[in-house]
Amino acid sequence: MTAGPSPSACADAFRDAYGHEPEGVWIAPGRINLIGEHTDYNDGFVLPVALPHALAAAAARRTDGVVRLRSRQSGEEFATRTSDLVPGSVPGWAAYPAGALWALAESGVRIDGLDLMVDSTIPSGTGLSSSAALTCATVLAAAHTHGASPDPARVAVLAQQAENGFVGMPCGIMDQSASMLATAGHALFMDTRSLETEQVPFDLAGRGLALLVVDTRAPHRHVDGAYAERRRSCEEAARVLGVPALRDVTAEGLPAALEALPDAVSRRRVRHVVTENERVLETVALLRSGDVHRVGPLFTASHASMRDDYEITVPEVDTAVDALLAAGALGARMTGGGFGGCVIALVEAQERESCLEAVRAAYRERGFAEPAGFTALPAQGARRVV
Ligand code: GLA
């Protein structure tokens with residue numbers, strides 16, 4: 001995997017495709033979440049970092065109501081008119097940038113038309129938030145070319161609305177916030193109820209550690225339906241418990257909440273969310289005090305909770321986590337929405353390769369596809385680069 005996309009190559013592709021100059025190039029990164037999974041739509045806490053892997057968008061405003069969307073990877077063009085941008089009308093990848101234009105228009109920015117070329121180094125379908133990068137970069141590019149300058153937190157909200165209201169994916173606000181608000185060298189601690197954020201220093205190299213990301217290459221299975229189903233069961237549990245969101249169930253209140261729930265499945269879902277919020281707070285406290293080594297067991301506990309209580313892992317993911325721990329990782333967990341995607345591990349820097357090799361060996365033994373790996377370095381959030 002290479003890191004960031006080349007803004008000038010994206011601008012060149014724009015010129016080749018459309019025969020005129022882009023007005024600029026905007027970059028939005030992918031992310032990994034350190035801890036706090038499936039907590040964002042429960043008004044809880046998350047702790048993502050932005051990756052160097054990013055999406056570049058070259059764009060120019062048009063004045064004739066036409067929207068042309070192209071991806072450098074696929075070479076396909078999707079063309080429509082601004083007046084035709086209605087939810088459900090755009091298929092495939094183009095739904096994300098189209099949804100970004102729709103959300104911006106819904107917020108009151110008049111969109112006159114747009115030519116857009118996107119180029120990405122975020123592998124799609126691996127849980128590294130390639131779609132959030134696409135919607136964030138498009139909102140930014142379309143806003144700036146139309147004389148609007150929403151602040152980064154507002155862009156994140158519009159990008160989430162694009163997914164919720166146009167694409168039909170009921171995601172929370174974590175991925176878009178990571179892409180817009182993260183800063184190099186930090187993890188982004190976010191309270192998804194108040195939308196307050198704190199940049200928490202995340203310097204692993206200084207402590208001889210590294211964050212290994214393993215792309216399990218497990219195909220996402222039933223992701224959207226299962227995601228929506230988890231969200232619904234959390235909302236239903238909150239209703240039964242008489243709280244606005246599961247965020248309002250504290251660790252002390254958990255035993256009573258579990259007793260009040262009518263079935264074993266909702267008890268498991270609630271236990272995951274409540275304990276995961278606690279783990280985020282503990283992780284943040286350890287990072288603030290510089291006690292990074294002790295974060296490892298929290299990662300591993302988070303994984304067990306996703307596997308046993310939230311039931312969103314798959315054999316490839318569990319195999320990777322087990323192999324990493326057996327090879328000496330301080331902690332390991334699946335990151336992102338689940339059902340495949342990537343695993344992260346906190347490892348001693350000099351053990352990166354042996355840990356990755358342990359996963360490769362375990363995969364060979366089970367006949368899984370060869371996994372990929374890289375070291376995550378917390379990168380900067382979205383910005384205009386040209
Ligand atoms: C996906 C969603 C996020 C979040 C994670 C799980 O990435 O887009 O909003 O819910 O899953 O933590």
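Counting from 1, the numbers follow the sequence of the chain as shown. Atoms within each ligand, like the ligands themselves, are counted from 1 in listed order. Fair warning: this is a prediction, and the values are worked out from it, not measured in the lab.
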How far is [atom] from its nearest protein heavy atom, and which residue and atom name does that atom have?
atom: atom 3 (C) of ligand 1; result: Asp40 OD2, 3.3 Å
atom: atom 8 (O) of ligand 1; result: Asp175 OD2, 2.6 Å
atom: atom 11 (O) of ligand 1; result: Gly337 CA, 3.2 Å
atom: atom 5 (C) of ligand 1; result: Met174 CE, 3.7 Å

Discussion item. Measuring from non-hydrogen atoms of Arg231 to any atom of ligand 1, is the shortest distance under 4.0 Å?
Written reply: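 False for this residue.
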
Worksheet item: Which of the numbered atoms in ligand 1 are below 4.0 angstrom from a heavy atom of Tyr227?
Response: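 Reading through ligand 1 atom by atom, the close ones are 1 (C), 2 (C), 3 (C), 4 (C), 9 (O), 10 (O), 11 (O).
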
Fill in: Check: Glu37 N/O within less than 3.5 Å of ligand 1 N/O
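There is such a contact, yes.
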
Could you tell me whether the side chains of [X] and [Y] share a donor-acceptor contact shorter than 3.5 Å?
X: Ser129; Y: Asp175; answer: yes
X: Thr183; Y: His186; answer: yes
X: His53; Y: Thr121; answer: no
X: Asp308; Y: His272; answer: no

Practice prompt. Run the ring-centre check on Tyr227 versus Tyr41 and record whether the distance is less than 6.0 Å.
Written response: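 Centroid separation for Tyr227 and Tyr41: below 6.0 Å.
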
Fill in: Salt bridge Glu235-Arg232, side-chain N to carboxylate O under 4.0 Å
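No salt bridge links Glu235 with Arg232.
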
